[in-house]
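For the numbers below, each heavy atom of this structure counts, side chains included, while hydrogens, waters and symmetry mates do not.
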Amino acid sequence: MGKEQEFKQKILIADDSEMNRSILADMLESEYEIIEAENGVQAVAAIQEYGVELSLVLLDIVMPEMDGFGVLEVMNRCHWIDEIPVIMISSESGSFHVERAYQLGITDYISRPFDALIVHRRVVNTLVLYAKQKKLAALVMEQIDEKEKQSNLMIDILSHIVEFRNGESGLHVLHIRILTELLLKHLVQITDRYQFTREQISMISTASALHDIGKISIPGEILNKPGRLTKEEFEIMKTHTSIGAEMLEKLSFHQEEPLVKEAYAICRWHHERYDGKGYPDGIKGDDIPISAQIVALADVYDALTSERVYKKAFPHEEAIRMICNGECGTFNPLILKCLQDMADTLRDSLNSGDAGQTNEKELQDILEEKLNPGEASASERTLQLLEHERMKYSFYASMSEEIQFEYMVSPAMLTLSAWGADKLNLPEVVMDPIRDSRITDILKAEDIEKLGEIIRNSSPKDPVIRYDCLARIGGEHRWMRIVVRAMWSSDGEGTYTGVIGKAVDIHESRLQLEALEEMASHDTLTKLLNADYAGRQICRRLEEEPDGRYMLMLIDIDDIKTANDSRGRLFGDQVLVHAAEVLRQNKGDNDIVARVSGDEFLFFTRCDSDEETRADRLISALEGEYQGFKVSACVGTAAGEGKKTDYDRLFQEADKALMEAKKGGPGQHRTSRIC
């Protein structure tokens with residue numbers, strides 16, 4: 001039993017109620033190791049102590065010393081939320097609390113009283129999905145390492161094939177790759193002129209292996225001639241550049257791949273020279289692709305320092321001197337500087353012998369794998385595991401009823417869960433989705449553009465984005481919450497590679513939230529802002545724009561009591577609605593209009609001209625008849641500079657002015673200025 005306990009996943013239950021902790025522990029302790037905290041401070045201490053050993057946190061909102069939101073804020077600051085999922089469990093089921101909890105990164109929300117089946121199912125789902133995510137990440141990294149290893153092996157194999165006919169050692173292609181990679185890395189360090197990522201440098205280095213592929217077509221007697229070539233023989237030898245490029249150009253597939261394009265450029269132009277005296281096209285300067293320039297220098301250096309059938313090897317120092325003196329053609333000064341700066345490193349890297357020995361061992365391993373076909377290779381095992389994980393991922397995605405997806409930048413590809421694809425009536429894989437009309441039929445172009453902008457402005461330290469928008473699903477527009485995690489390369493370059501995410505239907509809760517917000521901020525009769533909400537808006541305006549001059553008008557509709565007494569309270573309400581509509585029509589884009597109470601309204605505006613003129617215009621607009629009832633209003637105005645006043649003072653002064661105005665009878669206006 002003790003040994004079994006060691007392997008249980010740890011769950012932290014943070015709740016100030018001992019009874020609640022006990023109920024949850026009873027539900028889960030048979031399968032999980034339970035850790036308890038009775039307040040937010042203890043919860044943070046437990047998370048800090050156990051770290052990633054914690055598989056899940058069940059978190060209450062209302063707790064002493066530090067509440068659940070405080071715990072989530074600490075988890076965000078310390079980036080624990082990225083590794084440890086949180087399920088919020090609370091009786092606080094108001095939309096504000098739920099919304100804030102999700103904004104702070106929780107995975108799920110369960111309301112009390114507890115349902116044992118729901119708690120258990122959601123705990124299991126959360127743990128499985130997080131475990132799957134971590135395992136998939138590890139498997140992908142293993143697959144990437146496997147592919148890189150296979151690429152290096154193919155370079156060795158290719159070197160043997162190409163150089164076999166040339167009567168050389170087979171190390172030439174490997175040397176070119178090493179030299180190209182080292183020179184490119186140094187080039188991007190000494191100049192901003194060339195912006196190569198780590199992936200691009202690796203790709204160009206791999207493409208350099210094909211630089212002499214055209215030599216396959218050159219007769220062996222010319223390739224292996226021990227003496228100097230005749231003019232005619234040299235012309236034949238020179239054709240290996242255009243023949244190699246033509247071989248790549250005639251590939252019936254992968255023509256748009258960057259590797260193929262770079263390999264073409266290197267094959268065709270690695271014998272061009274900076275002064276235009278190379279071949280086959282005689283181009284010069286920066287018209288020669290920088291990848292071909294780098295390979296040209298690497299090719300010359302290795303040819304000088306290696307023994308050939310027609311010459312002995314030159315010492316390293318002599319080869320460097322010859323190249324820099326222009327005895328082997330003209331090269332880009334920047335690349336020559338790289339050669340001089342990296343001279344010792346280049347020699348040590350080629351003489352270490354580690355790369356060749358390692359590849360020979362790996363070649364032997366490949367042969368042994370082929371001789372034992374019953375044993376799956378690491379690559380095959382990885383693919384099998386990935387397929388297994390894909391099946392589990394599809395199952396859990398369909399059970400959760402969320403549209404789960406992954407987007408890759410290169411190649412541009414959107415992958416949907418089976419349930420999500422069926423929900424959206426799309427295939428599971430959509431190539432180049434941003435230009436696909438089926439996607440723009442679902443999401444508006446401005447939403448796609450806005451979401452893309454937010455994602456591109458994210459960072460590896462803050463990669464999670466939430467975005468609410470209307471989506472057209474099944475012919476109906478529904479509010480969806482898109483939650484994505486931007487993915488970044490781990491090579492130190494910080495290159496954005498895509499996103500993983502989900503889209504959740506929040507239509508009903510969004511409508512309820514909007515209705516609640518409307519009720520909380522607006523007057524039910526006139527649909528204008530209520531006094532409390534308007535006051536908060538005005539305070540915010542005065543803080544954000546303290547240098548402006550502002551005017552607050554309190555407007556009292558005259559004789560509403562008469563309207564109520566003579567024609568009924570319903571008619572009096574109609575007069576107030578009419579007055580509210582007049583104020584709304586006279587409101588500017590940045591003005592604030594509200595119903596204060598009863599027959600009194602508030603009008604707040606930034607004023608750049610005479611305040612009395614604006615107030616008089618409002619009085620004139622309100623004056624008239626409504627269904628036979630004469631409408632008029634008294635106005636009290638207070639005006640002052642934002643940095644010298646505040647909302648309470650403006651309101652008090654406007655109220656005093658209104659009382660003075662009402663003493664003068666209907667339709668009067670009084671002003672109180674605040675210096």
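- A donor-acceptor pair under 3.5 Å is formed between the side chain of N457 and the backbone N or O of E453.
- When each of H120, Q9, K8 is checked for a side-chain hydrogen bond (donor to acceptor under 3.5 Å, both in side chains) with E31, only H120 meets the rule.
- A donor-acceptor pair is defined here as one N or O able to donate and one able to accept, closer than 3.5 Å; no such pair exists between the side chain of R485 and the backbone of P463.
- Classification of D505 and R478 as a salt-bridged pair holds, one side-chain N sitting under 4.0 Å from a carboxylate O.
- A salt bridge does not link K450 with D447: none of the charged nitrogens is closer than 4.0 Å to a carboxylate oxygen.
- The side-chain contact (heavy atoms from CB on, under 4.5 Å) test with L59 singles out one residue from L72, I89, I87, and that residue is L72.
- Residue A46 comes nearest to L54 through the heavy atom pair O-CD1, 4.2 Å, listed as atom of the first residue, atom of the second, then distance.
- Of the possible polar contacts, one joining the H507 side chain to the W479 backbone as a donor-acceptor pair under 3.5 Å is found.
- The main-chain N or O of E199 is never found under 3.5 Å from a side-chain atom of S202 such that the two would form a donor-acceptor pair.
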_Test salt bridge (Lys or Arg N to Asp or Glu O under 4.0 Å) applied to D468 and R481, step by step_ = CA-CA 4 Å; D468 293 354; R481 170 159 299 142; 2.9 Å; yes
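- For the atom pair CE (M408) and CD1 (I500), the distance works out to 13.0 Å, reported to the nearest 0.5 Å.
- Side-chain contact between I34 and I13 is present, with at least one heavy-atom pair separated by less than 4.5 Å.
- With values rounded to the nearest 0.5 angstrom, L416 atom CG is found 8.5 Å from F405 atom CZ.
- Counted within 6.0 Å of CD on E18, heavy atoms from surrounding residues, nucleotides or ligands total 12 or fewer; the atom is thus considered open.
- In terms of modelled atom types and a separation under 3.5 Å, the side chain of T497 and the main chain of M487 share a donor-acceptor contact.
- R100 forms a cation-pi arrangement with F69, by the criterion of a distance under 6.0 Å to the ring centre and an angle within 45° of the ring axis.
- Residues E406 and T415 bring no donor and acceptor atom of their side chains to less than 3.5 Å of each other.
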*Go through the steps to decide whether D432 and R435 satisfy the test salt bridge (Lys or Arg N to Asp or Glu O under 4.0 Å), and finish with yes or no.*
CA-CA 6 Å; D432 201 7; R435 293 186 176 88; 3.3 Å; yes
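- Dense packing is recorded around CG of D441, with more than 12 heavy atoms of other residues, nucleotides or ligands lying under 6.0 Å away.
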*asked:* Quick one, E181 with K185, criterion salt bridge (Lys or Arg N to Asp or Glu O under 4.0 Å). Give me CA distance, side-chain angles, the key distance, then yes/no.
replied: CA-CA 6 Å; E181 183 175 0; K185 285 181 177 178; 3.1 Å; yes
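- For the pair S458 (side chain) and I455 (backbone), a donor-acceptor distance under 3.5 Å is present.
- Scanning all heavy atoms of the two residues, the minimum distance from A14 to A43 falls at CB-CB, 3.8 Å.
- Residues N39 and Q42 share a closest heavy-atom pair of OD1-N, 2.8 Å.
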*Which is it for M431 and D436 under the side-chain contact (heavy atoms from CB on, under 4.5 Å) test, yes or no, and what are the steps along the way?*
CA-CA 8 Å; M431 301 303 296; D436 195 307; over 6 Å; no
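- Put simply, the side chain of Q200 gets close to the backbone of T197: a donor and an acceptor are under 3.5 Å apart.
- Dense packing is recorded around OH of Y467, with more than 12 heavy atoms of other residues, nucleotides or ligands lying under 6.0 Å away.
- In plain terms, the two heavy atoms of M63 and D16 that are nearest each other are CG-N, 4.0 Å.
- Between L451 and I482, the closest side-chain pair of non-hydrogen atoms falls below 4.5 Å.
- The side chain to side chain contact (heavy atoms under 4.5 Å, CB included) test applied to I448 returns I439, T440, L443, not counting sequence neighbours.
- Between V188 and Y194, the shortest heavy-atom contact is CG1-O, 3.5 Å.
- Panel note: side chain E262, backbone P258; no donor-acceptor pair is recorded below 3.5 Å.
- Atom OG of S521 is separated from atom CZ of R536 by 8.5 Å, given to the nearest 0.5 angstrom.
- To the nearest 0.5 Å, atoms CE (M88) and CG (L58) are separated by 11.0 Å.
- Between the side chains of Q537 and R540, at least one donor N or O sits under 3.5 Å from an acceptor N or O.
- Taking CD1 of I178 as the start and OG1 of T345 as the end, the distance is 13.0 Å to the nearest 0.5 Å.
- In this structure, I23 CD1 and M19 CE are separated by 5.0 Å, a value rounded to the nearest 0.5 Å.
- Using a distance-only test at 3.5 Å, with no hydrogens or angles considered, no donor-acceptor pair links the side chain of R456 to the main chain of Y496.
- Between D108 and R122 there is a salt bridge, since a side-chain N of the basic residue sits under 4.0 Å from a carboxylate O of the acidic one.
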